[in-house]
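To keep things clear, I will list the structure first and then write my remarks on it.
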Amino acid sequence: MSTSKKVTVLGAGAWGTTLAQVLCDAGNDVLLWARNSDVVDEINKSQTNTRYLEGISLPVSLKATNNILGAFSHSDIYVLAIPTQQLRSTLEEWKNSFNKQAVVVSTLKGIELKSDLRVSQ
């Protein structure tokens, strides 16, 4: 019996790309979302993300997109790996795209500088 899951990682910086790699290595079908189309193209063509992870080879099975609706439709498991300072505005932008039954895993830490609130607040 396979325990492989479809997972969407939202954010292709060093942390999000690393999480996507670990999830792929564990046998999951992972789609990594990035705003930057150059990062997406590099991941899909070269299996690297030199902007954030110099010298690291990514799994061939890891795919990337900058299409947020495609990222949300890929799975019902969303891993948030975007910068804490962009969380509030980004979630506001995305709120109608989330599958209401999805599992959302936040990997963010720190405080929002404008409000001094923790991510959980």
Is there a donor-acceptor pair under 3.5 Å between the side chain of [X] and the backbone N or O of [Y]?
{"X": "Thr65", "Y": "Asn67", "answer": "yes"}
{"X": "Thr17", "Y": "Ala12", "answer": "yes"}
{"X": "Thr84", "Y": "Lys109", "answer": "yes"}
{"X": "Ser97", "Y": "Leu69", "answer": "no"}

Are the side chains of [X] and [Y] in touch, meaning some heavy atoms are under 4.5 Å apart?
{"X": "Val103", "Y": "Lys5", "value": "no"}
{"X": "Asn44", "Y": "Lys63", "value": "yes"}
{"X": "Leu62", "Y": "Leu23", "value": "no"}
{"X": "Arg51", "Y": "Asp38", "value": "no"}
{"X": "Gln47", "Y": "Pro59", "value": "no"}
{"X": "Thr50", "Y": "Glu42", "value": "yes"}
{"X": "Asn49", "Y": "Ile56", "value": "no"}

Salt bridge (Lys or Arg N to Asp or Glu O under 4.0 Å) pairs, two or more places apart, involving residues 92-106: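 The answer is Glu92-Lys95.
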CA sep, side-chain torsions, deciding dist, call: Leu10, Ile68, side-chain contact (heavy atoms from CB on, under 4.5 Å): CA-CA 9 Å; Leu10 300 165; Ile68 192 62; 3.8 Å; yes
For a quick test of reading the model, state the closest non-hydrogen atom pair linking [X] to [Y] and the distance between them.
{"X": "Val40", "Y": "Ala64", "value": "CG1-O, 3.5 Å"}
{"X": "Gly16", "Y": "Val9", "value": "O-CG1, 3.5 Å"}
{"X": "Gln21", "Y": "Leu58", "value": "OE1-CD2, 3.9 Å"}
{"X": "Ser37", "Y": "Asn66", "value": "CB-ND2, 3.3 Å"}
{"X": "Leu19", "Y": "Ala81", "value": "CD1-CB, 4.3 Å"}
{"X": "Gly11", "Y": "Leu32", "value": "O-CD1, 3.3 Å"}

Derivation and outcome, side-chain contact (heavy atoms from CB on, under 4.5 Å), residues Val30 and Ser61: CA-CA 8 Å; Val30 180; Ser61 62; over 6 Å; no
In this structure, would [X] and [Y] fall into the same cluster of hydrophobic residues linked by side-chain contacts under 4.5 Å?
{"X": "Leu80", "Y": "Leu31", "value": "no"}
{"X": "Val105", "Y": "Val22", "value": "no"}
{"X": "Val7", "Y": "Ile82", "value": "no"}
{"X": "Leu53", "Y": "Ile43", "value": "yes"}
{"X": "Leu87", "Y": "Val79", "value": "no"}

Partner residues of Trp15 under the side-chain hydrogen bond (donor to acceptor under 3.5 Å, both in side chains) criterion, sequence neighbours left out: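 By the side-chain hydrogen bond (donor to acceptor under 3.5 Å, both in side chains) rule, Trp15 matches Thr107.
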Lys6: which of Asn28, Asp76, Asp29 passes side chain to side chain contact (heavy atoms under 4.5 Å, CB included):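 For Lys6, the side chain to side chain contact (heavy atoms under 4.5 Å, CB included) test succeeds with only one of Asn28, Asp76, Asp29, which is Asp29.
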Aromatic ring pairing Trp33/Trp94, orientation class (parallel under 30°, perpendicular over 60°, tilted between): perpendicular
Ring pair (Phe, Tyr, Trp, His ring centres under 6.0 Å) partners for Tyr52, two or more places apart: none
Reported OG-to-CD1 distance for the pair Ser75 and Ile77, which is rounded to 0.5 angstrom: 6.0 Å
